[in-house]
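Quick one: the structure is below, questions incoming.
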2 protein chains.
Amino acid sequence: MAEVVTNLSRKEQVIRMAAELFKEKGYSAASMRDLAQKLGIEAASLYSHIKSKEEILRTLCFDMAAEFRTSLSEVEKQNVSASEKLRLGIIGHVKVMAKDLTASAVFMNEHRHLSQPWLRDFLLLRINYINRFKTIIEQGVSTGDFKKDIDTKLAVMTLFSSLNWMPGWFNPDSTIEPEKLGQQLADMLINGLKQNA
Amino acid sequence: MAEVVTNLSRKEQVIRMAAELFKEKGYSAASMRDLAQKLGIEAASLYSHIKSKEEILRTLCFDMAAEFRTSLSEVEKQNVSASEKLRLGIIGHVKVMAKDLTASAVFMNEHRHLSQPWLRDFLLLRINYINRFKTIIEQGVSTGDFKKDIDTKLAVMTLFSSLNWMPGWFNPDSTIEPEKLGQQLADMLINGLKQNA
DNA sequence: TTCTTCCACTAACAGTTGTTAGTTTTGTTC
DNA sequence: GAACAAAACTAACAACTGTTAGTGGAAGAA
């Protein structure tokens with residue numbers, strides 16, 4: 001029991017440091033010797049905790065993906081209007097990101113370095129997530145919540161672009177809470193879509 | 001004369017291929033041997049045309065930066081309202097990107113691999129460009145063109161995030177013209193800001 | 001004590017990296 | 001045909017890459 005916890009804790013420490021390194025230098029430019037140095041150990045010692053460099057990337061990417069998925073599922077359950085659903089979805093997304101900005105940055109910028117078949121799996125998860133947001137927007141259009149002449153693909157891509165670069169410029173020491181930030185972001189984006197804003 | 005043209009043309013061919021490779025695999029993961037193979041030559045032969053791998057990245061990044069700068073300067077000259085200026089600025093930005101989507105992608109995602117002092121110079125150019133957009137938004141706020149309670153930093157970051165991921169998903173074979181796309185994007189973003197939309 | 005688990009070590013591997021030096025081929029101009 | 005520049009070549013370099021094998025110490029449980 002206790003051993004397992006300790007093990008996980010050390011392994012997670014490695015993964016967390018790796019996330020920082022991957023975010024800073026990018027996955028390819030970050031070497032295992034760099035990572036080891038950050039932890040004060042030798043490169044070979046890392047392999048007591050992880051199987052490979054890519055395993056770290058996989059863990060980071062798929063763990064984040066799972067969190068986003070869970071968050072969106074919660075929102076979809078709610079019985080509210082499309083614009084409200086979109087608002088909640090955005091806030092949820094921001095909150096998940098804010099919980100681990102470093103992992104979020106890696107999730108977004110480094111996932112392409114996954115090899116097959118994980119890359120394919122990852123992209124499928126991603127397209128599914130995006131499509132569920134797209135569906136919300138389309139529902140909003142059909143119920144008259146949003147403008148009729150909206151290009152939903154453009155809208156959803158704009159939405160995700162805005163969301164996804166957040167880890168790059170959001171200051172974690174900032175006084176603004178993620179909830180509030182998500183709120184503001186949602187306001188800004190949705191009021192650009194709403195019919196009678 | 002003719003020699004110079006041929007030289008430039010071959011060098012530009014190398015740089016163009018490098019841009020494609022950097023976009024696909026990322027700067028660090030792209031090797032000079034990969035690049036050489038794409039051109040059907042040996043890796044060492046590349047050095048007849050370029051000084052170093054990083055020189056290629058520098059060329060790509062700073063050439064794009066210059067184009068963005070020029071485009072924005074044109075817009076700033078115009079004597080129009082802030083919202084119109086913003087609209088023109090966005091369209092200009094999209095048009096510059098559309099002229100070379102590959103170089104744009106490299107400009108945005110790979111610039112961090114520049115070494116000092118070029119990295120510093122690049123970031124200064126970038127912050128300057130962003131601040132000029134921010135100024136336009138602030139002007140719009142003070143003239144009543146935009147809502148008073150806007151967080152201008154958030155607004156400008158959202159704007160750039162949306163713009164900057166475009167090369168990632170925009171299809172160059174698409175029927176939609178860059179002008180039109182810029183127009184739509186501007187509409188979507190600005191109407192989220194405008195007071196009486 | 002003895003056993004076990006965790007976590008680090010040293011040494012080394014085969015392959016890849018950007019780049020250089022020096023040479024040869026190719027095509028054009030006088 | 002001689003001269004020239006552009007653009008390719010071969011061979012090699014030192015450094016760095018992710019990773020494996022085998023070892024040993026430390027801590028806690030039996």
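Convention: sequence-line order gives letters A, B, ...; per-chain numbering from 1.
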Next on the checklist: Nearest whole Å is fine: how far is D:dA6 P from B:Glu42 CD?
Outcome noted: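 After rounding, the reported distance stands at 22 Å.
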
Checklist entry - Hey, does the side-chain of B:Ser45 have a donor or acceptor N/O within less than 3.5 Å of a partner on the base of D:dA7? => result no

Checklist entry - Could B:Lys53 and B:Tyr27 be counted as a cation-pi pair, given that NZ or CZ must be under 6.0 Å from the ring centre and within 45° of the axis? => result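 That pair qualifies as a cation-pi contact.
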
Next on the checklist: Just to be sure I understand the rule, does B:Ala36 reach a base, reach only the sugar-phosphate, or reach nothing, if contact means heavy atoms closer than 4.0 Å?
Outcome noted: nothing

Checklist outcome for this item: Of C:dA8, C:dT17, C:dA11, the nucleotide closest to the side chain of A:His49 is C:dA8

Item to check | Atom pair distance, as rounded to whole Å: CZ in A:Arg33 and P in C:dA11 | outcome: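 So the two atoms are 14 Å apart, to the nearest Å.
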
Checklist entry - Rounding to a whole Å, what distance do you find between B:Lys25:NZ and C:dT17:P? => result 8 Å

Checklist entry - Given C:dA8, is OP1 or OP2 found less than 4.0 Å from the side-chain N or O atoms of A:Arg10? => result yes

Next on the checklist: What I'd like to find out is whether the side chain of B:Tyr47 reaches to under 4.5 Å of the side chain of B:Met32, using heavy atoms alone.
Outcome noted: yes

Checklist entry - Rounding to a whole Å, what distance do you find between B:Lys38:NZ and D:dA8:P? => result 16 Å

Item to check | Ring centres under 6.0 angstrom apart (A:His93, A:Tyr129) | outcome: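 Yes: the rings meet the under 6.0 Å criterion.
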
Next on the checklist: Given C:dT20, D:dT19, C:dG18, identify the nucleotide with an atom nearest to the side chain of B:Ser31.
Outcome noted: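 Nearest to the side-chain atoms of B:Ser31, counting from C-beta on, is C:dG18.
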
Next on the checklist: Distance check needed: C:dA8 P versus A:Ile50 CD1, whole Å only.
Outcome noted: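 Taking CD1 of A:Ile50 and P of C:dA8, I get 12 Å after rounding.
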
Next on the checklist: Any heavy-atom pair between the side chains of A:Thr102 and A:Arg16 that's under 4.5 Å?
Outcome noted: no

Next on the checklist: Heavy atoms from C-beta onward define the side chain here; which of C:dA8, D:dG18, D:dT19 lies closest to that of A:Ile41?
Outcome noted: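 The closest nucleotide is C:dA8.
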
Next on the checklist: How many whole angstroms separate atom CE of A:Met32 from atom P of C:dC9?
Outcome noted: 14 Å

Checklist entry - For A:Lys51 and D:dT19, what is the distance between atoms NZ and P respectively, to the nearest whole Å? => result 12 Å

Checklist entry - Is there a donor-acceptor contact under 3.5 Å linking the side chains of B:Arg58 and B:Ser52? => result no

Item to check | A:Ser48 vs C:dC6: side-chain N/O to OP1/OP2 distance below 4.0 Å | outcome: no

Item to check | Between C:dT20 (P) and B:Tyr47 (OH): distance, integer Å | outcome: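 So the two atoms are 7 Å apart, to the nearest Å.
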
Checklist entry - Nearest of C:dG18, D:dA11, D:dT19 to any side-chain atom of A:Ser52? => result D:dT19

